[in-house]
Amino acid sequence: MGLQQDTVTWFVGVLFLSTLFLCSAEVRESNFTKLCNTTTLLVVNDSYPGPEIRVRRGDTVFVNVHNQGNYGFTIHCDWTRGSVQGAFIILPAENETYPFPTPDADQTIILQSWYNGDYKQIIDQALATGIPPRQPDAYAINGNLGDTYGCTNDTIFRMQVDYEKMYLLRIINAAMNEQQFFTITNHTLTVVAQDASYVQRFTSDYILISPGQTMDVLVSANQNVGQYYMATRPFSDASAMPPDNITTGIFQYTNSDGGLNASLITLPARDDTNATNSFISRIRNTNVTQNPPLKVPTGIDRRVFIAIATNSVPCNTSQCLLPNRFVASLNNVSFVFPRIDILQAYYNSTGGVFTEDFPLNPPVFYDFTGNLTGFNTIAELGTRAVVLNYGEAVEIVLQATQLGGGGSHPIHLHGFSFYRVGSGSGNFNNETDPRTYNLVDPPLINTIHVPGKGWAALRFFANNPGVWFMHCHFERHSSWGMDTVFIVRNGTTTETSIRPPPSTMPRCPGT
């Protein structure tokens with residue numbers, strides 16, 4: 001979780017049946033011209049997005065990174081992930097098949113936020129002045145802005161398809177702060193997987209995908225030969241809306257000529273909560289051998305109820321533009337990133353880095369989804385963790401609030417896939433709402449949509465010892481402190497304990 005200033009070389013070694021394949025890449029600054037403006041970005045191999053890595057389930061992957069940029073960052077970087085990004089694709093093992101008809105080909109689709117400017121400088125300036133970072137200038141599909149922004153030099157992504165062939169789209173939302181609708185005009189999307197777990201197949205005209213999420217969909221090229229728009233636009237139910245821009249790509253049949261067959265793009269409106277909730281409610285686990293056996297905790301050992309909010313604290317630096325600066329919180333604690341990595345501090349029993357007293361309930365219960373005008377919005381600052389015993393059955397209820405801008409949140413937990421067992425509107429009722437839980441076929445995911453003015457519940461077994469970050473995948477919220485840490489204690493065996501760090505692993509400065 002700490003930024004490291006080390007410079008090493010990125011080589012990717014993939015072990016395929018005792019054969020080692022190596023490729024190399026460099027992280028460095030490159031110039032890109034979009035929206036008729038030239039921007040310098042930190043990217044991998046001079047490309048936006050970066051190179052794609054493909055492996056099979058069970059392969060061993062070795063990654064070394066050569067950072068030629070001007071500052072350190074982690075592989076799971078914060079605002080630098082806006083440009084330092086690429087797809088990591090895991091195919092079925094050699095002897096394994098998909099639990100659906102085998103597609104004729106597949107295509108990765110990465111949805112992105114585009115800023116005319118350096119991503120890290122944008123957040124650094126916002127944090128220094130205490131005001132929100134600016135909105136994106138555009139959205140992109142695989143690095144292309146499409147034909148809706150008025151700059152004739154902008155490129156459009158084209159996916160070439162053959163008539164009557166079936167394609168698997170591997171869709172990744174790499175946007176910084178925007179959930180996204182996605183569609184292909186005149187074509188039906190069949191959802192087959194989310195967050196690397198297969199789901200019961202269902203069809204839809206659109207999908208809704210949050211930052212940090214992945215989704216696999218099948219699409220059949222079964223329409224008249226021609227060119228059809230694919231398109232994406234943001235979704236938001238917060239008071240501060242992202243720009244309502246539609247970014248286009250083209251689903252192009254081989255040997256098609258002429259213009260686009262379908263110029264009318266039908267996407268849900270930017271604030272269409274019914275479309276969002278309807279889509280998410282249809283995602284269910286499927287009982288196939290390619291998925292882990294369904295194991296939903298029923299008896300719960302540890303319950304955590306977390307109220308999500310945007311808040312403020314006094315701003316007392318010379319760069320502040322207002323008396324208070326924006327922060328965000330979980331249970332009114334705005335996370336402070338320590339100078340020493342929490343994993344390192346926990347493993348080495350280093351004191352003074354964090355405390356083990358993250359509140360398991362909000363300090364005050366109030367009308368979370370009601371009118372909170374005049375409510376005290378000041379948050380506490382701290383580096384406070386939740387400590388779990390190995391093997392505990394855990395339930396976390398995430399409650400959206402109307403503090404600050406309100407709205408929904410994509411909450412991501414490292415180290416685990418978990419079951420989304422419930423979701424609803426209003427304030428969570430711990431007596432009646434658990435009766436509505438789906439314990440039969442809940443989706444197994446790693447990023448959960450917490451609806452605005454509502455709640456979501458997840459369950460998992462704490463069977464992965466270590467230190468695990470939980471955060472909102474809206475990067476402005478994570479940068480403001482909408483984060484916490486779950487520490488899972490060691491079990492009773494070597495296999496259920498944290499692995500020791502490699503002898504060559506660098507330590508945080510001063511330790």
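We count residues from 1, following the sequence as given. As the structure is a computational prediction, the values presented were derived from the model and not from experiment. All heavy atoms count here, side chains included; hydrogens, waters and symmetry mates do not.
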K.L.:
For the residue pair Phe375 and Tyr366, does the interplanar ring angle fall in the parallel (under 30°), tilted (30 to 60°) or perpendicular (over 60°) class?
P.N.:
tilted
K.L.:
For Ser417 and Asn446, does a side-chain donor sit closer than 3.5 Å to a side-chain acceptor?
P.N.:
no
K.L.:
Any heavy-atom pair between the side chains of Phe469 and Ile342 that's under 4.5 Å?
P.N.:
no
K.L.:
Where the side chain of Glu392 meets the backbone of Asn389, is there a donor-acceptor pair that is under 3.5 Å apart?
P.N.:
yes
K.L.:
With a 4.5 Å limit on heavy-atom distance, are the side chains of Val313 and Arg325 in contact?
P.N.:
yes
K.L.:
Nearest 0.5 Å, please: how far is CD1 in Ile207 from CZ in Phe279?
P.N.:
5.5 Å
K.L.:
For Thr496 versus Pro465, what's the shortest heavy-atom pair and its separation?
P.N.:
O-CG, 3.4 Å
K.L.:
For the pair Asp195 (side chain) and Thr214 (backbone), establish whether a donor and an acceptor sit closer than 3.5 Å, ignoring hydrogens and angles.
P.N.:
yes
K.L.:
For side chain to side chain contact (heavy atoms under 4.5 Å, CB included), just list the numbers for Ile280 and Leu208, CA-CA rounded to whole Å, side-chain angles, deciding distance to a tenth of an Å, and then say yes or no.
P.N.:
CA-CA 8 Å; Ile280 293 173; Leu208 184 281; 4.2 Å; yes
K.L.:
Looking only at side chains, do Ser497 and Thr494 share a donor and an acceptor under 3.5 Å apart?
P.N.:
no
K.L.:
If the condition is ring-ring contact (aromatic ring centres under 6.0 Å, His included), which residues does Phe181 pass it with, not counting sequence neighbours?
P.N.:
Tyr206, Phe235
K.L.:
Rounded to the nearest 0.5 Å, what separation is found between the OG atom of Ser329 and the CG atom of Leu381?
P.N.:
10.0 Å
K.L.:
If you count every heavy atom of other residues, nucleotides or ligands that lies below 6.0 Å from Ile89 atom CD1, does the total exceed 12?
P.N.:
yes
K.L.:
Distance check, rounded to the nearest 0.5 Å: Leu360 atom CG versus Arg302 atom CZ?
P.N.:
6.5 Å
K.L.:
In sequence, state the C-alpha distance, the side-chain angles, and the governing distance for Gln213 and Thr447, and then conclude on side chain to side chain donor-acceptor pair (under 3.5 Å).
P.N.:
CA-CA 6 Å; Gln213 279 191 321; Thr447 301; 5.5 Å; no
K.L.:
Report yes if the side chains of Leu413 and Phe486 come closer than 4.5 Å at any heavy-atom pair, otherwise no.
P.N.:
yes
K.L.:
Ignoring hydrogens and angles, tell me if any N or O in the side chain of Asn331 forms a donor-acceptor pair with the backbone of Phe305 under 3.5 Å.
P.N.:
yes
K.L.:
Check whether any side-chain heavy atom of Val27 sits under 4.5 Å from a side-chain heavy atom of Leu42, and report yes or no.
P.N.:
yes
K.L.:
Please answer whether the main-chain N or O of Gly405 pairs with a side-chain N or O of Ser239 as donor and acceptor at a distance below 3.5 Å.
P.N.:
yes
K.L.:
Is Ile209 close to Gln179 at the side-chain level, that is, under 4.5 Å between some pair of heavy atoms?
P.N.:
no
K.L.:
Rounded to the nearest 0.5 Å, what separates atom NE2 in His412 from atom CZ in Phe474?
P.N.:
14.5 Å
K.L.:
Would the distance check show the side chain of Ser113 and the main-chain N or O of Pro136 forming a donor-acceptor pair, the cut-off being under 3.5 Å?
P.N.:
no
K.L.:
Which atom names give the shortest non-hydrogen contact between Gly117 and Leu41, and what distance separates them?
P.N.:
O-CD2, 3.6 Å
K.L.:
Please test Ser478 against Asp483 for side chain to side chain donor-acceptor pair (under 3.5 Å), starting from the C-alpha separation and ending with a verdict.
P.N.:
CA-CA 6 Å; Ser478 183; Asp483 324 281; 2.7 Å; yes
K.L.:
Quick one: do Arg384 and Glu356 make a salt bridge, cutoff under 4.0 Å?
P.N.:
no
K.L.:
For Thr484 and Met470, indicate whether the former's side chain and the latter's backbone hold a donor-acceptor pair under 3.5 Å.
P.N.:
no
K.L.:
Apply side chain to side chain contact (heavy atoms under 4.5 Å, CB included) to residues Val199 and Val191 and explain how you reach the verdict.
P.N.:
CA-CA 8 Å; Val199 301; Val191 180; 4.1 Å; yes
K.L.:
Any donor-acceptor pair under 3.5 Å linking the side chain of Arg459 with the backbone of Pro297?
P.N.:
yes
K.L.:
Quick check: does any side chain N or O of Gln112 sit under 3.5 Å from a backbone N or O of Gly143, one acting as donor and the other as acceptor?
P.N.:
yes
K.L.:
With heavy-atom distances below 4.5 Å as the criterion, would you say the side chains of Thr80 and Tyr71 are in contact?
P.N.:
yes
K.L.:
Rounded to the nearest 0.5 Å, what's the gap from CG on Leu127 to CD1 on Ile122? Could you check?
P.N.:
12.0 Å
K.L.:
Drop me the distance from Leu322's CG to Thr129's OG1, to the nearest 0.5 angstrom.
P.N.:
8.5 Å
K.L.:
Using a 4.5 Å cut-off on heavy atoms from C-beta on, say whether the side chain of Pro132 contacts that of Arg476.
P.N.:
no
K.L.:
For the pair Val485 and Val386, evaluate side chain to side chain contact (heavy atoms under 4.5 Å, CB included) and give the outcome as yes or no after the intermediate values.
P.N.:
CA-CA 6 Å; Val485 168; Val386 180; over 6 Å; no
K.L.:
Kindly indicate, with the supporting measurements, whether the criterion side chain to side chain donor-acceptor pair (under 3.5 Å) is fulfilled by Asn173 and Ser210.
P.N.:
CA-CA 6 Å; Asn173 187 349; Ser210 293; 6.0 Å; no
K.L.:
Might you point out which heavy atoms bring Ala175 and Gln180 nearest each other, and give the distance in Å?
P.N.:
CB-NE2, 4.4 Å
K.L.:
As a quick check of understanding, evaluate ring pair (Phe, Tyr, Trp, His ring centres under 6.0 Å) for Trp114 and Tyr48, giving each step before the final call.
P.N.:
CA-CA 11 Å; Trp114 174 261; Tyr48 172 79; 5.4 Å; yes
K.L.:
Asn427 and side chain to side chain donor-acceptor pair (under 3.5 Å): which partner among Asp433, Thr369, Thr401?
P.N.:
Thr369
K.L.:
Could you tell me whether a side-chain N or O of Arg233 sits under 3.5 Å from a main-chain N or O of Pro268, the two making a donor and an acceptor?
P.N.:
yes
K.L.:
Please identify each residue that fulfils ring-ring contact (aromatic ring centres under 6.0 Å, His included) with His409, with sequence neighbours left out.
P.N.:
His477
K.L.:
Quick one, Trp79 with Ser479, criterion side chain to side chain donor-acceptor pair (under 3.5 Å). Give me CA distance, side-chain angles, the key distance, then yes/no.
P.N.:
CA-CA 9 Å; Trp79 278 70; Ser479 299; 3.1 Å; yes
K.L.:
In terms of the angle between their ring planes, are Tyr437 and Phe428 parallel, tilted or perpendicular, with boundaries placed at 30° and 60°?
P.N.:
parallel
K.L.:
Is it the case that Glu29 and Thr40 place a side-chain donor and acceptor less than 3.5 Å from each other?
P.N.:
no
K.L.:
Would the number of heavy atoms belonging to other residues, nucleotides or ligands and lying under 6.0 Å from CG of Asn287 be above 12?
P.N.:
no
K.L.:
Which pair of heavy atoms, one from Ile487 and one from Ala385, lies closest together, and at what distance?
P.N.:
CD1-CB, 3.9 Å
K.L.:
Considering non-hydrogen atoms only, spot the tightest contact between Ala307 and Pro362 and give its length.
P.N.:
CB-CG, 3.9 Å
K.L.:
If you take all heavy atoms of Tyr115 and Asn177, which pair is closest and at what distance?
P.N.:
OH-ND2, 3.8 Å
K.L.:
State, with a plain yes or no, whether a side-chain heavy atom of Tyr419 is found less than 4.5 Å away from one of Ile445.
P.N.:
no
K.L.:
With a 3.5 Å distance limit and no angle check, can you tell me whether Trp468 reaches the backbone of Asn464 through a side-chain donor-acceptor pair?
P.N.:
yes
K.L.:
Would you check if the distance from the ring center of Trp480 to the ring center of Phe326 is below 6.0 Å?
P.N.:
yes
K.L.:
Are more than 12 heavy atoms, taken from residues, nucleotides or ligands other than Gln85, located less than 6.0 Å from that residue's CD atom?
P.N.:
yes
K.L.:
Pairing donors with acceptors under 3.5 angstrom, does anything connect the side chains of Thr377 and Asn311?
P.N.:
no
K.L.:
For residues Asn371 and Thr373, is any side-chain donor paired with an opposing acceptor at under 3.5 Å?
P.N.:
yes
K.L.:
Hey, are Ser334 and Glu380 close enough side-chain-wise for a donor-acceptor pair under 3.5 Å?
P.N.:
no
